[in-house]
There are 2 protein chains.
Amino acid sequence: MASSTAGALSGAAPLTAVNGAFLPHGEAGARIAAALREEILGGAYQPGERIRQQELAGRHGASRVPVREALRILEAEGLVTIVANAGSWVSRLSAQECTELYQLRERLEPLLLSYSVAALPAGVIERLQGLADAMQRSADVEEFIRLDRTFHLLSYSAAATIMLGDTISRLWNRTQHYRRAYTRMFRAERDDSVHYDHQLLVVALRNRDTDDAERVLAAHIRRTRLALARHPEIFDA
Amino acid sequence: MASSTAGALSGAAPLTAVNGAFLPHGEAGARIAAALREEILGGAYQPGERIRQQELAGRHGASRVPVREALRILEAEGLVTIVANAGSWVSRLSAQECTELYQLRERLEPLLLSYSVAALPAGVIERLQGLADAMQRSADVEEFIRLDRTFHLLSYSAAATIMLGDTISRLWNRTQHYRRAYTRMFRAERDDSVHYDHQLLVVALRNRDTDDAERVLAAHIRRTRLALARHPEIFDA
DNA sequence: ATGGCGAGAATTGAATTCAATCACAGCAGG
DNA sequence: CCTGCTGTGATTGAATTCAATTCTCGCCAT
């Protein structure tokens, strides 16, 4: 059973091979967490749905030990809720809880943006312009969700932080499902203020006007928060 | 080996007995995490110090599996840094990183306080007054640290949140060591503005004046942030 | 003396195994 | 017909065991 030490493409995989890729020792938990995170964010798992350890372990070719590690990681991120001796479920939010997360975003994202503004390369600002334009043309909900997320997170990409960036990623992840549900609704209502916000944000970034960018972003998030609060039916399911 | 189902004080402990207390199944990781957290916050572990899994497991009468769970929990809180295959260390902060955390506190704690103000029972406000007074009289660094933490966290105690409260606890925990180091210094400098802030905060709470309370608190945290930034030597060790 | 190298020890990562708890179906009784 | 209880199966929690990696310390060459 002695496996060779990671030869390039020959011989057997040293530990576990998933999708044909060689994987290092000591990252199984993080890898499973990343995969499960994507599944939850992509909608493969619904909020409230139960997560079984054995099922995950079997699907990833691992034992339940790293699966439990992965669940702990996602619990800390707020994506999963664990009850001792009972099980794990995909976390769900009430309307009030979602409002709280949006208030956090409203106060934190302008700060992260301010860290990013000065260091943002001009090429990135052009990509942001392209994303804002693409969103206005987009007709598909899933595509819009993806573009919107890319747009905002890209605008923060020049910020080097130890906690602020992670906190905001978590906020985006925890609210992802409800943002998707809302987007389906907002497209029916033909509200274009979202696009105007994005365009204004790009202008502020071009001018390297940190104050203006912060204000536009705070108003953008606030508007979304209030729109969500007007549609509590999203949270019933 | 069939153990009776949790008889009161007779027979052998069902699983593991620590400090003579009976403990439920499925909480070992959380319990070890809580104990280690207190040790780190209390100063028993210094930033940068290595944490060995076996040592912890032995001390808590458990195997390394729940210890690893505990380390994952504390890593998510930012108190511990884990490197795969290498080990775990108590996290340390640079001056710049600490400033970032204080900027987070500056934006978030007023929000949490606003959640709390209206629901804070009058008795709690009296306790806050007592804590503010006790801090002014306090001569001991450790006692001041403890009173200050109790004061602020108590002022938030009426807020019911799912993420904001946890985030702020983490901010307090991650900066605890440096706050202690600073306090030793500030006492030499005889700066009483901290106490004036506390007294003003209690007044605002008495008046149920949310806006005033938020402003006082933001200024309080900002002043501490700037004071810390003036003493980068704290972060050299 | 100092820096690179290698063998052994120490430490961490993950699979397996066993124990404890919980969920749920079926049944007795009101 | 509904309510509450009980036993069985499923699921999770933790100890043990084994494998992989890294750290440490002594050795040697420069």
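Predicted model only: the values in this text are computed from it and were never measured. In what follows, every chain begins at residue 1, and chains take the letters A, B, ... in the order their sequences are listed.
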What nucleotide, of [options], holds the atom closest to the side chain of [X]?
{"X": "A/H25", "options": "C/dA14, D/dG13, D/dA14", "value": "C/dA14"}
{"X": "B/N85", "options": "C/dT16, C/dG13, D/dG13", "value": "C/dG13"}
{"X": "B/A86", "options": "D/dC23, D/dA15, C/dA23", "value": "D/dC23"}
{"X": "B/R68", "options": "C/dA14, D/dG13, D/dT11", "value": "C/dA14"}

> C/dG13 phosphate, OP1 or OP2: any side-chain N/O from B/Q53 under 4.0 angstrom?
Replying inline: yes
>> Taking the cut-offs as 6.0 angstrom to the six-membered ring centre and 45 degrees off its axis, would you call A/R105 and A/Y102 a cation-pi pair?
In response: yes
Mind calculating the distance between [atom1] ([X]) and [atom2] ([N]) to the nearest angstrom?
{"X": "A/I82", "N": "C/dC22", "atom1": "CD1", "atom2": "C1'", "value": "16 Å"}
{"X": "A/E75", "N": "D/dT12", "atom1": "CD", "atom2": "P", "value": "14 Å"}
{"X": "A/I51", "N": "D/dT12", "atom1": "CD1", "atom2": "P", "value": "10 Å"}
{"X": "A/E55", "N": "D/dA10", "atom1": "CD", "atom2": "C1'", "value": "15 Å"}
{"X": "B/R72", "N": "C/dA14", "atom1": "CZ", "atom2": "P", "value": "8 Å"}
{"X": "B/Q54", "N": "C/dT12", "atom1": "CD", "atom2": "C1'", "value": "9 Å"}
{"X": "B/W89", "N": "C/dT11", "atom1": "CH2", "atom2": "P", "value": "12 Å"}

>> Please identify which of these residues, B/R174, B/R72, B/R170, meets the side chain to side chain contact (heavy atoms under 4.5 Å, CB included) condition with B/E77.
In response: B/R170
>> Below 30° counts as parallel, above 60° as perpendicular, anything between as tilted: where do the rings of A/Y178 and A/F235 land?
In response: parallel
> Closer to the 5' end of DNA chain C via nearest nucleotide, is it A/E69 or A/R64?
Replying inline: A/E69
> Atom NE2 in A/H152, atom CG in A/L217: separation rounded to 0.5 Å?
Replying inline: 7.0 Å
